[in-house]
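Data first, discussion second: the structure below is written as structure tokens.
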Amino acid sequence: MKTKMLEQIKSRYFYIRLLSFAVLVMSFIPFCNPITGYGGTQNSSLVTIIKNIGSVINYFSAEIPQFSSYSNVLFIMVILLYVALIGILFGFLLLFSHDKSYRQHGKNSILYAAAVMTVVFLVLCVLYFNINLAMYKFGSQAVYRKLLIIFRIPVFLIIYTLISAAILVLSALEKGFNFSDIKYRIKSDLSHRFKGGVHVPYNKVTQTMPIETLAPAKVMIYPLSQHIGAACQSLVKPGDLVKIGQKIADTDAFVSAPIHATVSGKVLKVDYAPHPTLNSCQAIYVENDFEDSTHESLKLTHTDYRELSNEQLISIIRQAGITGMGGASFPTHVKIQSALKDNIDMLIINASECEPYLSNDNRIILENKDELIEGINILRQIFGLKNAYIGIESNKPKAIKVLNKATHKTGIRVVVLRAKYPQGGEKQLIKAVCNRKVPSGKLPSSVGCCIFNVDTVCAVYRAVVTGVPVMRRIVTVAGDGVENPRNLNVRLGTPFSNVLEACGLKEDTKEIIMGGPMMGVSQYSLEAPVIKSTSGLLCFTDKETQNDENASCIRCGGCVSACPMNLTPNYIAMYTKLRDFDSCEKLNASDCIECGCCSFTCPAKIPLVQYMRLAKQNVIENRKRQVNKN
Amino acid sequence: MSDLYYVSSSPHIKSDKTVSSVMRDVIIALTPAMLGAVLFFSFRALVIIAVSVLSCVLFEFLYDVIFKKTRTINDLSAVVTGILLGFNMPVTVPIYLPVIGAAFAIIVVKMLYGGLGKNIANPALCGRIFLFLSFSSYMTTWIDASTAVNNTAFSLPLFSNVDVVSSATPLSYLKNADASIVSSVPISSAFIGTVGGCLGETSAILLIIGGLYLLYKRVITWHIPVSYLATVAVITFIFPNMTGITRLQFMSYNLLCGGLMLGAIFMATDYATSPVTPKGRIIYGIGCGLLTVFIRYFGGYPEGVSFAILLMNFLTWFIDKHTIPTKFGGESKYAKLFKKAKE
């Protein structure tokens, strides 16, 4: 019995029940008059209400004065209406909660209250037919005054804000005295922000799941183009034996990164294979012999990275084949070299992970924070900076806590940002972290910033300190079409089918996406392998795949206010339909970052991003043509 | 198996917002004012609104059927037009008037221009103006809400013409510049809605509740209502047109009476006929406010909201074209001009 009661007290809804009861009791205050013990107060200033608190007791003890039947009904209705209003306000407060179940309660509360309100309004309508009688008996003034009680909302808003603050504190207390949630939220509200963006449903189910290692597949596929820039050329021939860490493809081009074998075994063929982003591409097929023998090049040639020069560090990074792990996959050594030419004073680590579903960066922070800090130290050494900034969204309180602890007195600052898409976009992140605006058409280094993804920094650490090139990738597998969503440590080159097998692909899966749902690419084949930019694999069923018919534009302006680049997607789409690309250029179509905010927010479900892409492509082509002419 | 997958362009998730959900939110936001209209003006108000809504939906359906268009009544925009049109009529109008108004609003103003999103003027507003110019005697017969409740609420016949002693709206008192009559109407009753006027426009508080709901749901932005109301407030406060009452009183009457709240919150924010850029919306709101005050001060009609919004509707595309926001990281028009001047 006792434990049961304790449980009930501990259960999260107890306080809410308690408080809602308190609210109910308090809501009687305005009806209580010290003299009659019943009836409306003359004026509803806060002082009178405080004076009247004592009369709550009076309400129960005093004689109930005579009422005509109509005004009695009216009175009850007004009380009901009042309770319903409380319910609605209360529900709205709960809707802002972090916890899903609280939000559900909020929704229920609003629904019930709305139902009560409807009934009350219907009864009131009927009553008004007979109101003359009530007025005759009770005097019209008093009846109106009672109706006016409904409108005395301001005073109660104050009470509700106090109560809502209490609820927030209590709910925080319940979760083990954890105020960080609220703290980080407030902190993020105080940080700089970028204009536009959308609030997407985050659905980060895998956030709490530790990283598991996936065994390599029988046949591994290494596409020769895994990064932005020139494709690599194969260094091996069919029949060659390769070992783990052996460089199997490279090129002399500046913007490129080599590719390494992640298993030991025999090269089967060099042939076209499905590619996650490029449709198809030349790839090296390696048959795994499951011996995992490592290549001799994995040895370190130095003992302490602090003694190395920048050139040496950059060549190590180049040889390790590190590219930006955020999704664009731009070779890291190129980024560092071009940034060194400008005067860099802000080193920013992108840990915001604004894409829904994905949780790989979050897990990396929680599990490999030492690698991350050490990697930041290496980058700081390269740029000669004392400080660095980690930008992280407020919806990852655990990771923020871990980072705060780990970065204590190291000169690295954790900047808590608002949870808003696309917080992780390069230009948006710079605006949010240090309030600088990257001029259109220029690189972040033009304002003295350089941005690296969390996983990239870890890869730099591994390459410099342990000598291991980029061989694995943390992949979040999630979505309705997966039985066990989880975070996997996958060797590069593993086909998607193997990854999904390990997580249990459901039969009703309709769409498979590499990357996040906002900017990811849907896959036509599961033979495509995990490459350096694979951050997640999402399997969507019918429920999540939306294939709505698009209506015509209703000019709501949603896309304009959602666009983080301050463009006008609706007009650009209109001119694209008319194939008037000169007007598109005037509207700065080429500045689009294809984040997908406009398409996401459009109520008419117009595929605005596709129009934007088309416009962008044509504008850039037109420009090139004009340059050639001149 | 692989060829069975569905391949689409990003983004792969979309918001729950659809055209019909937006319209549903507008209808929900109009509900308090509708219930208020029923409370203040008896059930006849509900009948007028219902007739207006039904005929709007019917005309849109018939148009789609006759001209073999895709059915568009499911997007609920005709219902919104119907409610707004009903809101713009006094309770005493004959029951065939909303039908005529709906026919003009839906067929001429909305569908002939290509349907939702392509009309150049607000259909409900045009319907109102059409009726106002064609049936001015019906459209300007007001009865006081409190008298309606006290004496005639239950005797208002549904289907025959209504003979009542007409009273004036506080706005027409303002027009006549009679301070003593004006102050006979307390501001609080203008705020709650127990004054004479069209069905939906009398109760400022209920309209504001609806507007707050729309803001919360992000259906509208604050730009148009705030700039519209602020412009009217500032001008009427600084340049009152009347003696005998305080500036504050004059401003409050101008804000709370007539169709200003309904116009600023629900009519001027109509998607298809208002600018999409934030700056453009503010300019549009200020223009509406200026025109409203000027028509009220110098025009022949006591009410200026509908004409003001209609005139600004025609400027929407022009305003949009000249208020394209500066791109992120770009130079604004003025910065460029400044640079040129420096050179």
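Only a predicted model underlies this, so the values are computations on that prediction, with no experimental measurement involved. Order of the sequence lines sets the chain letters (A, B, ...), proteins ahead of strands, with each chain counted from 1.
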key: Interchain contact, Val7(B) with chain A, by part (heavy-atom threshold 4.5 Å)   = both
query = What's the shortest heavy-atom distance between His12(B) and Ser522(A), and which atoms?
reply = CE1-OG, 3.4 Å
ask   = About how many Å separate CZ of Phe328(B) and CZ of Phe194(A), when rounded to the nearest 0.5 Å?
value = 9.0 Å
key: Under 4.5 Å from a heavy atom of chain B, the part of Pro607(A) involved   = neither
Which portion of Cys556(A) sits near chain B, non-hydrogen atoms under 4.5 angstrom = both
ask   = Arg218(B) and Thr601(A): side-chain hydrogen bond (donor to acceptor under 3.5 Å, both in side chains), yes or no, with the steps?
value = CA-CA 11 Å; Arg218(B) 294 176 191 233; Thr601(A) 198; over 6 Å; no
inquiry  = With a 4.5 angstrom heavy-atom cut-off, is it the side chain or the backbone of Val521(A) that approaches chain B, or both, or neither?
reply    = backbone
inquiry  = Is the shortest side-chain heavy-atom distance between Leu116(B) and Ser552(A) below 4.5 Å?
reply    = no
task = Mind ranking Ile513(A), Val560(A), Val609(A) by heavy-atom pairs under 4.5 Å with chain B and telling me who comes out on top?
result = Ile513(A)
message = Taking the cut-offs as 6.0 angstrom to the six-membered ring centre and 45 degrees off its axis, would you call Lys14(B) and Phe600(A) a cation-pi pair?
response = no
ask   = Among residues 265-278 of chain B, which ones touch chain A with a heavy-atom distance under 4.5 Å?
value = Tyr271(B), Ala272(B), Ser274(B), Pro275(B), Val276(B), Thr277(B), Pro278(B)
remark   = Assert top hit (heavy-atom pairs under 4.5 Å, partner chain B, pool Lys437(A), Lys586(A), Lys195(A), Met518(A)) equals Met518(A)
query = Can you tell which of Gly196(A), Pro603(A), Gly557(A) has the highest number of heavy-atom pairs within less than 4.5 Å of chain B?
reply = Pro603(A)
remark   = Those residues at least two apart in sequence (or on a different chain) that pass side chain to side chain contact (heavy atoms under 4.5 Å, CB included) with Ser280(A) are Tyr272(A), Tyr524(A)
Interface residue of largest heavy-atom contact number with chain A, from Ser9(B), Pro11(B), Gly117(B), under 4.5 Å = Pro11(B)
Less than 3.5 Å apart, which donor and acceptor atoms pair up between the side chains of residues 425-432 of chain A and the rest of the protein, not counting sequence neighbours?
{"residue": "Lys431(A)", "atom": "NZ", "partner": "Arg193(A)", "partner atom": "O", "Å": "3.2"}
{"residue": "Lys431(A)", "atom": "NZ", "partner": "Asn435(A)", "partner atom": "OD1", "Å": "2.9"}

message = Nearest 0.5 angstrom please: Tyr213(B) OH to Ile88(A) CD1, how far?
response = 10.0 Å
message = For the NZ atom of Lys321(B) and the OG atom of Ser583(A), what is their distance to the nearest 0.5 Å?
response = 8.0 Å
query = Quick one: what part of Leu587(A) sits under 4.5 Å from any heavy atom of chain B, side chain, backbone, both or neither?
reply = side chain
message = Rounded to the nearest 0.5 Å, what separates atom NZ in Lys605(A) from atom OG in Ser15(B)?
response = 4.0 Å
request  = Please tell me if the side chains of Ile13(B) and Phe540(A) come closer than 4.5 Å, counting only heavy atoms from C-beta onward.
outcome  = yes
key: Residues in residues 562-572 of chain A near chain B [non-hydrogen atoms, under 4.5 Å]   = Pro564(A), Met565(A), Asn566(A), Leu567(A), Thr568(A), Asn570(A), Tyr571(A)
remark   = The reported gap from CZ in Arg555(A) to CG in Asn119(B) (rounded to nearest 0.5 angstrom) is 9.5 Å
inquiry  = Checking side-chain polar atoms at under 3.5 Å, does Glu511(A) have a donor or acceptor matched by the opposite partner on Ser8(B)?
reply    = yes
inquiry  = Would you say CZ of Phe318(B) has more than 12 non-hydrogen atoms from neighbouring residues, nucleotides or ligands within 6.0 angstrom?
reply    = no
ask   = Tell me, side chain or backbone of Thr326(B) under 4.5 Å from chain A's heavy atoms, or both, or neither?
value = backbone
remark   = Per-residue tally against chain B (heavy atom, under 4.5 Å) across Gly441(A), Gly596(A), Gly520(A) peaks at Gly520(A)
message = Under a 4.5 Å cutoff for heavy-atom pairs, which residue among Lys17(B), Arg281(B), Lys118(B) has the most contacts with chain A?
response = Lys17(B)
